[in-house]
Amino acid sequence: MELSEYGLDIAAKFGEDVKTELINGNEIHIFADADNIIELCHFIHSNLGCRLLSVICNDERQISGMFVFRYVFGKESGEDVFFVATSSIDGKDICFPTLTRYIPSASLYEREIKDMFGLIPKGSSDQRPLLLHSWPEGNYPLRKDFDIKTKVQKSKDEYQFLKVAGDGVCEIPVGPVHAGIIEPGHFRFSTLGESIINLETRLFYTHKGVEKLAEQMPMEDVVLLSERIAGDESVANSTALCQAIEKIAKAKIPTKAAQTRTICAEMERIYNHLGTLAGLSTDAGFAFGAARLNILKEMMMNLNEKTSGSRLLFGVNRIGGVKIDLTDANKKMIISETESLGNEFYKVFEFLRKKSSFIDRLKNTGTITKEDAAGFGIVGVAARSVGIDVDTRKDHPYANYPSLHLDKHHDTPYHKMKYEVELQKRNGDALSRFVLRAEEIQNSIMLIHQTLRDLENEQPIWCDVGPLEPHLHALGYSESHRGQTMHWVMIGKNNSIYRYKIRTASFCNWKIIEQAVLNDIVADFPLVNKSLDLSYSGNDL
Amino acid sequence: MTNSDKNSIMDDKIVTVQNPTDMTGVSSGYRGKVVIAHDKVSEIDFENLDKTCPTHSFDFDKKSQALSVDHGKCITCDKCRVLSPTLIKIKSNFAPASKNKAGLVESFDVGTAERSYDELGKELKEKIHNLYGRSLAIREVDAGSCNGCEVEITALNNPIYDIERFGIHFVASPRHADLLLVTGPSSRNMEIALKRTYDATPNPKLVVAVGACACSGGIFGDTYATTGGIDRIVPVDVYIPGCPPRPQALIYGILLAIDKKLAAKSNL
């Protein structure tokens with residue numbers, strides 16, 4: 001089997017010091033000591049061709065006296081496998097080696113660990129605080145000895161932005177309170193004339209302590225919490241959480257539950273993509289298109305309400321399955337309403353496609369390069385818009401996706417070649433993201449219909465997941481409309497959550513906006529921002 | 001042209017809610033608010049109920065055997081109904097906004113706010129006119145929300161709800177605003193920004209807390225990272241419960257805020 005092959009590869013390089021273990025079906029855990037963990041990560045990244053998906057720090061001083069680091073890598077082409085490189089440092093140590101030397105996208109994770117655990121990434125060039133603003137040293141929320149109710153006095157806020165100086169360079173600070181009805185965040189533009197020559201984002205204004213909160217809650221309440229990580233990604237996040245716990249329990253959920261998750265996930269994708277397309281139309285100053293797309297979004301939210309009792313699809317998932325039992329009537333309603341929505345959407349899209357003044361605003365605006373996209377490890381539509389073909393639904397199928405025909409581009413060698421050529425052509429501008437989202441809406445409708453046709457009628461919608469053994473852990477993942485969502489759960493005593501590490505697509509994608517706006521004008525910023533569709537709350541946690 | 005084309009949204013037609021009865025047709029499965037069946041209170045296991053509720057929204061007075069629910073905390077997650085389906089029901093009409101926190105606590109189902117979106121809107125328009133003689137300018141402030149409330153507030157501007165026809169518009173700066181619509185539990189990181197936004201809004205100003213988080217901290221509670229409700233930072237005129245409140249609930253809450261201002265004016 002391939003998995004042992006990887007084991008051999010790693011053993012050949014690192015000798016007997018490195019132990020490997022396969023758990024949860026597709027997670028290869030590799031244990032190394034702090035001296036060679038960075039080389040091991042580098043090896044997995046460059047030799048095995050994997051992407052860094054998350055860095056998880058965990059205070060396991062109560063279990064083993066150590067702080068444990070897990071670097072999660074994923075294969076993205078054809079093989080459903082994750083590599084989790086694991087090392088630990090003594091509970092009394094305060095330094096851990098930095099990975100940024102080889103993988104720049106590790107920087108944000110390391111800054112997060114510094115804030116939340118008080119551990120210092122040795123050798124990293126960027127050690128500024130990230131999640132906690134005006135926060136005095138000595139208080140580290142994710143350490144087990146930190147009480148969640150602690151109120152910490154604000155210290156003086158001295159965040160260092162990159163200084164851009166020179167003749168005619170002008171600095172524009174924007175936010176955290178923005179002009180539209182959007183979430184808070186700070187943007188620091190440096191401009192020369194109208195052109196943006198540098199942008200620095202400072203986020204985490206909506207940090208609500210979600211990961212710490214999960215450790216205090218009964219497990220079933222954490223599902224409710226996960227729905228509110230980002231209100232518009234409720235199905236994606238709660239699916240990822242539930243799947244992690246189900247994997248730990250080795251529970252196989254009923255087919256109908258898996259199907260319901262897929263249907264709701266695609267409904268979520270449709271209403272959010274519609275919202276993004278409407279936003280793009282608004283930001284390009286084209287109210288007619290925005291109005292039409294907003295009507296469609298409202299249609300979709302009404303359908304959400306009729307299906308799940310919530311306009312935002314809250315209350316779909318539970319551990320072991322789902323809470324909503326789709327009836328024949330639901331089935332008919334969803335099919336007919338999404339069908340007419342699809343027809344209407346096609347008309348709106350064809351109309352927008354022909355409006356040259358609208359298309360001109362999107363074309364070559366907010367362009368990202370394939371190199372940057374790969375370096376920052378971005379995911380979702382943004383990655384696909386530069387031809388990086390990543391999609392968790394295909395790469396690591398979950399819920400009902402294994403039984404759906406997702407990769408129709410690969411049916412024949414000809415189709416495959418044609419698709420490869422198409423990927424090459426995508427140039428990463430706002431227009432390519434616009435078109436991709438439109439295609440995904442139509443594709444989602446198809447997936448919903450396909451799933452509903454096969455819907456198991458007389459099946460239970462959940463299965464019992466018994467009490468879980470402490471300290472078992474698993475990855476849970478899904479593809480939200482923004483991209484890959486990667487969660488990791490470790491069980492604690494009395495069926496509680498010991499550690500819940502959340503990484504949404506936005507955490508990977510926020511940094512790319514700083515590259516995307518370069519050489520665009522300030523007035524294009526809203527358009528670029530909307531085309532990337534980033535969540536603040538999902539990023540800030 | 002087929003028949004179905006005639007009803008296309010691309011044609012000239014009005015999609016905005018016109019007929020008041022249209023909007024009362026909220027789907028029966030919508031989780032609007034928790035309602036207590038008071039004749040069944042005798043079967044209560046309060047300890048269990050309190051433990052089940054993730055936001056501890058219930059209160060039980062043993063002496064008078066009165067059970068109450070605080071809509072300002074409730075996130076309509078349905079867990080209480082699953083626990084005791086005879087005692088607790090979830091109804092599709094939303095829990096109405098209130099001028100004070102105590103008003104969010106409901107021990108009886110009083111059947112409020114069953115008026116349609118359109119009726120509410122027309123009343124609102126009249127009152128705004130009486131009060132300001134012009135339209136009402138709203139500044140939305142996200143103080144750490146999950147973006148759920150923003151999705152619903154954005155919906156107010158879509159062609160279906162079209163709030164501008166009632167003389168309400170959203171402005172880009174607090175300096176142009178009459179009313180602040182604040183969402184989120186106020187995260188610690190937004191505390192200063194919220195306070196400054198409030199200070200930058202000219203008097204007379206109104207503040208409306210939107211959603212369970214802004215009313216009470218909601219599921220995020222009161223922790224190192226949150227403040228447990230925006231009234232800990234700025235004075236609040238009206239609380240709109242819900243997780244998130246639907247557009248009808250939002251407009252009802254804004255109407256209530258105007259009412260409060262009108263009442264204050266007539267007392268002068």
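Between chain B and the options Leu312(A), Asp147(A), Leu131(A), heavy-atom pairs under 4.5 Å are most frequent for Leu312(A). Between chain B and the residues Asp221(A), Asn294(A), Val210(A), the most heavy-atom pairs under 4.5 angstrom are made by Asp221(A). Note on Ile182(A), Asp232(A), Leu293(A), Leu224(A): by heavy-atom pairs under 4.5 Å with chain B, the leading option is Leu224(A). Of the listed residues (Lys151(A), Glu227(A), Lys306(A)), the greatest number of heavy-atom pairs within a distance under 4.5 Å of chain B belongs to Lys151(A). Of the listed residues Val348(A), Ile181(A), Asn302(A), the one with more heavy-atom pairs under 4.5 angstrom with chain B than any other is Ile181(A). Looking only at heavy-atom pairs under 4.5 Å with chain B, the residue among Glu220(A), Gln216(A), Glu233(A) that has the most is Glu220(A).
Between Met190(B) and Pro184(A), the shortest heavy-atom distance links the atoms SD-CB, 3.7 Å. In terms of heavy-atom proximity, Glu183(A) sits nearest to Ser145(B) at OE1-O, 4.0 Å. The two residues Gly209(A) and Ala225(B) come nearest to each other via the heavy atoms N-CB, 3.6 Å. When all heavy atoms are compared, the tightest approach of Pro159(B) to Ala291(A) is CG-O, 3.4 Å.
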Go through the steps for Glu344(A) and Ser8(B) under the test side-chain hydrogen bond (donor to acceptor under 3.5 Å, both in side chains), then give the verdict.
CA-CA 7 Å; Glu344(A) 291 286 338; Ser8(B) 171; 3.1 Å; yes
Run the side chain to side chain contact (heavy atoms under 4.5 Å, CB included) check on Cys243(B) and Phe314(A) step by step: do they pass?
CA-CA 9 Å; Cys243(B) 186; Phe314(A) 286 170; 4.2 Å; yes
Please step through side chain to side chain contact (heavy atoms under 4.5 Å, CB included) for the pair Ile219(B) and Met217(A), ending with a clear verdict.
CA-CA 10 Å; Ile219(B) 197 165; Met217(A) 282 180 161; 3.7 Å; yes
Trace of the side chain to side chain contact (heavy atoms under 4.5 Å, CB included) decision for Tyr224(B) with Ile148(A):
CA-CA 6 Å; Tyr224(B) 77 91; Ile148(A) 189 164; 4.1 Å; yes
Could you go step by step and tell me if Ile160(B) and Ile295(A) meet the side chain to side chain contact (heavy atoms under 4.5 Å, CB included) rule?
CA-CA 7 Å; Ile160(B) 313 288; Ile295(A) 295 172; 4.2 Å; yes
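The side-chain heavy atoms of Val151(B) and Lys297(A), taken from C-beta on, include a pair separated by under 4.5 Å.
Ring centroid separation for the pair His207(A) and Phe220(B) does not come in under the 6.0 Å cut-off.
Between the Arg188(B) side chain and the His133(A) main chain, a donor and an acceptor come within less than 3.5 Å of each other. The backbone N or O of Gly144(B) sits less than 3.5 Å from a side-chain atom of Lys208(A), completing a donor-acceptor pair. Between the Thr223(B) side chain and the Lys149(A) main chain, no donor and acceptor come within less than 3.5 Å of each other.
For a residue to count as touching a neighbouring chain, one of its non-hydrogen atoms must lie under 4.5 Å from one of that chain's; by this rule Lys154(A) touches chain B with backbone and side chain alike. Residue Tyr536(A) does not touch chain B at all, counting heavy-atom pairs closer than 4.5 Å.
Screening residues 138-155 of chain B for salt bridge (charged side-chain N to carboxylate O under 4.0 Å, His left out) gives Arg311(A)-Glu152(B) as the qualifying pairs, with residues at least two apart or on separate chains.
For Arg292(A), the side-chain hydrogen bond (donor to acceptor under 3.5 Å, both in side chains) test picks out no residue, with sequence neighbours left out.
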